[in-house]
Amino acid sequence: MSACATARATDPTRTKNIHQSPSPPPPPNGRFRIAGADLSASIAVFLIALPLSLGIALATGAPLQAGLVAAAVGGLVAGRLGGSPLQVSGPAAGLTVVTADLIHRYGWRTTCAITVLAGVAQLGLGCLRVARTALAVSPAIVHGMLAGIGVTIAVAQLHIVLGGTPESSVLDNLRALPAQVAGPHPAAVSVGVLTLTLLLLWPRVPGRAGRLLRSVPAALVAVAGATAVASLTGLTVPRVELPSWSSHALAGLPEGPVLGIAAAVLTTTLVCSVQSLLGAVAVDKLVSARPGLTTRVGRSDLDRELLGQGTANVVSGALGGLPVAGVAVRSSANVNAGAVSRNSTLLHGVLVVAAALLMVPLLELIPLAALAALVMSVGIQMVSLHHIRTVTRHREVLVYVVTTLGVVLFGVLQGVILGVAVAVAVAMHRLARTRITHEEKEGAHHVHVRGQLTFLAVPRLSRALHLVPHGTRAVVRLDGSFMDHAAYESLQDWQKTHTAQGGTVELTDRRTGVRDSAHDDGSRPAEGVTTPNGTSTRTGPETDPDADTTSHAGTTAPARPTTPGPDAAPNTPPTACRCRPWTPWRNHHCAHPPSARPTTHPADTGTTTGTGTGAGTGAGAETTDTPTAPGTPTTHTPTTPTTPTTPAAPSTPRSSASASEPSSVQQLARGISAFQRDTAPLVRGELARLAREGQRPSQLFLTCADSRLVTSMITSSGPGDLFVVRNVGNLVPPPGRESGDDSVAAAIEYAVEVLKVRSITVCGHSGCGAMQALLSSEPGGARTPLTRWLRHGRPSVARMADEGRPWARLSGRAPADAVEQLCLTNVVQQLEHLRAHESVARALRDGALELHGMYFHVGEAQAYLLAGAGGSEVFDHVEAAERPR
């Protein structure tokens, strides 16, 4: 190592210069720009919103202009202030029944006042940040509410299609329907049938021409086609009437009983909020599944969405508009049309305003029967067969049916309350309903428990268990997923008594068969059953099958019947391994007894200093295991300090290991087998989705090949999250030179150009063997593949020795030694190499990419991030965040 590098390591008084931050500052705000995709999407949404807004206003009995006002306010106000960038708001079919009932009871001006008050209530809920709570409503209740509203809409609009006038309630409409069918209005029926036919057939036009035609919304084609036919043939049918805006009715003071007004405000707030929040979540799913997404679209902020919807309702009600909510049809059309920002929603609102002011003569040609047929089709679609199949599969049919009938017969608020009551009753029934049977077969007594084991089932459980004679073999099968304290103690007390009297007990579950047995010792509940101390006995990401759990009765039992590791009894087979994937890590020391473990190759690990800050083992250093508690990573300390040298062959041949140590093939096969048994069932669904959709990682993670760096563990990431490139020393060769490397450059280009990653992280680590080799290598040494590769790290050594540059350092302390100083400097230098790649430089200029530097201290298990402000080369300590409640 050069003298200048050593002097720098001990000089804390140097002045730090300011250099460019790894991540460039955001581009300055320029003039307002609209993407072409947003412009085309706004037109598509406008063409859908215009006829639907008029139709929903017709269905509620409100002035038709109120639908246009709500559509404009939803686009401009909710679109600008809401938390879901691509959700389109306006008059929603789900609010039709509520609004129609309010207009019938209190009149239009009071209904507008109720809309204003509902908006104020939404603002209050948004300020309280309770938006996520609204998503706790059972999906069966939401689907049932929408289905009931859909039935109500369809039955009412059928009267208009037949040329009549709807009644105020569903039952009245059903009673009047036979007479209406017996005496229809031929012209209205013809217009309605034509509208429905175009709605049905337009999306199914085949061929290339069909693909072009389908770009025009079916709703617009149906209404426009029916209007054209009615006008050309001279049909006498009722048409849209838009009075002058000067006579448009605005909100007035609410008039009516206080309790009635309060209930109306509560109902409007509930329906608007739930529909908007569920719509925002659905839009996020549509955006994430959209193929070819090149522009980042942020996820919905539900509290902000609630504030935006509340503001829109205040404005819409004050201007004499219908209540506003997020609309699924228009939102899905916005996403599918390729919108990339909230500008599409705002532009659709501008187009609605323009149409309301300039297209009045054209709008007044539309037959009411065409609008009624359009809204009737929307109501029919709200009774979704997919939703019915879903609630059937989850055994929620009763909740769905009760909610639907309650909305149809009594109203939206009453129907939702009935649905909530039934959902709570069903949940309590499932929790309390437990079937316990006892039978004797094949020389064993079988006790079968179906359902959850709570204190309510303890008397029946005790009766069944006491039917098992002393000294016999008993099999207890638990088909539930929860066991409370009382049931747990009852089962444990009986088990201890039964085994003490010479009997045996086997605990099983329906998924895995026999999971545990006991003779004279205690045992645990079957795998998959949650015990009173909050610990699930099922092996998976949340549990450690190696750790021992102690029951309330003081009996210790293994969490899974596996062969013990090296800390078990002397008669344990030496090749046994109790390590499991996705559990607290034990470094697989059970497969490598300390006396037989081969010496590690110095190129793979670093050195461990006596201060505990460097980490890793030095080249050729012997290591000893420090005893640790189960589930804690075992640390190594060198018994003989050594000076870092260039990589050399291991001092102890690997073949000198104990004969009892399993071969590498056995270890590989055993690891794969454990994955297939324990982990594959947990990740199969997610991996199947990734296999279908392809990878869409958000960042490129470039780090060292050191075996101690587990990128998924450090970043808490899973399959599909990171595009990882690993090499010795986390080096990024500069492009366009003799020293370039096509492998790393190809990975960078693919990540930036094809995968469209939004960030690249270069991660170094403590005790890096490559950095040690760089410091200790001598010029003119042997030209091996490793030394040729390490030449890409020489700019980092030169940077560290440059007196005119600031030191890269850790926040709060100086580097422990020259190796750690070079590890930090190397991260900063490789970020500069990264910026030299053409694809990276172009993405940085466009503001589509960020660069980050990271340092991971192995011995401390602590990550540091390179500060992005001020250009200082300081790695800040990353604090542990609180677990979300």
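Residue numbers count from 1 along this sequence. Since we're looking at a predicted model, the values are computed, not measured. Below, all heavy atoms of this structure are taken into account, side chains as well, without hydrogens, waters or symmetry copies.
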Measure the [atom1]-[atom2] distance between [X] and [Y] for me, rounded to the nearest 0.5 Å.
X: His143; Y: Thr390; atom1: NE2; atom2: OG1; answer: 6.0 Å
X: Phe46; Y: Leu220; atom1: CZ; atom2: CG; answer: 8.5 Å
X: Leu64; Y: Leu54; atom1: CG; atom2: CG; answer: 6.0 Å
X: His185; Y: Ser190; atom1: NE2; atom2: OG; answer: 9.5 Å
X: Ser331; Y: Asn334; atom1: OG; atom2: CG; answer: 7.0 Å
X: Leu199; Y: Met376; atom1: CG; atom2: CE; answer: 9.5 Å

- Query: Run the side chain to side chain donor-acceptor pair (under 3.5 Å) check on Thr99 and Thr60 step by step: do they pass?
  - Reply: CA-CA 6 Å; Thr99 310; Thr60 60; 6.0 Å; no
If only atom types and distance count, is the side chain of [X] paired as donor or acceptor with the main-chain N or O of [Y] below 3.5 Å?
X: Trp202; Y: Leu213; value: yes
X: His348; Y: Thr345; value: yes
X: Thr404; Y: Gly144; value: yes
X: Thr115; Y: Gly317; value: no
X: Glu305; Y: Ser84; value: yes
X: Arg239; Y: Thr227; value: no
X: Gln157; Y: Val375; value: no
X: Arg204; Y: Leu200; value: yes
X: Asp38; Y: Asn343; value: no
X: Ser300; Y: Leu302; value: no

Any side-chain heavy-atom pair from [X] and [Y] closer than 4.5 angstrom?
X: Ser341; Y: Pro85; result: no
X: Leu307; Y: Leu81; result: no
X: Ser53; Y: Arg330; result: yes
X: Ile153; Y: Val378; result: no
X: Val283; Y: Val335; result: yes
X: Met382; Y: Ile149; result: yes
X: Cys272; Y: Asn313; result: yes
X: Leu158; Y: Asn173; result: no

Please report the shortest heavy-atom distance between [X] and [Y], naming the atom on each side.
X: Leu351; Y: Ser42; answer: CD1-O, 4.0 Å
X: Gly79; Y: Leu346; answer: C-CD2, 4.1 Å
X: Leu371; Y: Pro51; answer: CD2-O, 3.6 Å
X: Val73; Y: Ala312; answer: CG1-O, 3.4 Å
X: Ala66; Y: Gly320; answer: CB-O, 3.5 Å
X: Val324; Y: Gly74; answer: CG1-CA, 4.0 Å

- Task: Show your working on side-chain contact (heavy atoms from CB on, under 4.5 Å) between Val240 and Leu365 and close with a plain yes or no.
- Result: CA-CA 7 Å; Val240 168; Leu365 295 176; over 6 Å; no
- Item | Short N-O contact, Glu255 and Arg105, less than 4.0 angstrom |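 Arg105 and Glu255: not salt-bridged.
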Does [atom1] in [X] sit with more than 12 non-hydrogen atoms of other residues, nucleotides or ligands closer than 6.0 Å?
X: Arg129; atom1: CZ; value: no
X: Arg80; atom1: CZ; value: no
X: Leu259; atom1: CG; value: no

- Message: Quick one, Gln414 with Val416, criterion side-chain contact (heavy atoms from CB on, under 4.5 Å). Give me CA distance, side-chain angles, the key distance, then yes/no.
- Response: CA-CA 6 Å; Gln414 295 86 342; Val416 170; over 6 Å; no
- Query: Can you list the steps and then say if Glu396 with Arg430 is a salt bridge (Lys or Arg N to Asp or Glu O under 4.0 Å)?
  - Reply: CA-CA 12 Å; Glu396 299 280 349; Arg430 289 177 179 174; 3.5 Å; yes
- Show the numbers, then the answer: is there a side-chain contact (heavy atoms from CB on, under 4.5 Å) between Val353 and Leu76? CA-CA 10 Å; Val353 172; Leu76 295 173; 4.2 Å; yes
- Message: Determine whether Val191 and Val229 satisfy the following criterion, side-chain contact (heavy atoms from CB on, under 4.5 Å), listing intermediate values before the conclusion.
- Response: CA-CA 8 Å; Val191 171; Val229 170; over 6 Å; no
- Task: Would you please test Gln309 and Ser273 for side chain to side chain donor-acceptor pair (under 3.5 Å) and show each step?
- Result: CA-CA 8 Å; Gln309 295 292 336; Ser273 302; over 6 Å; no
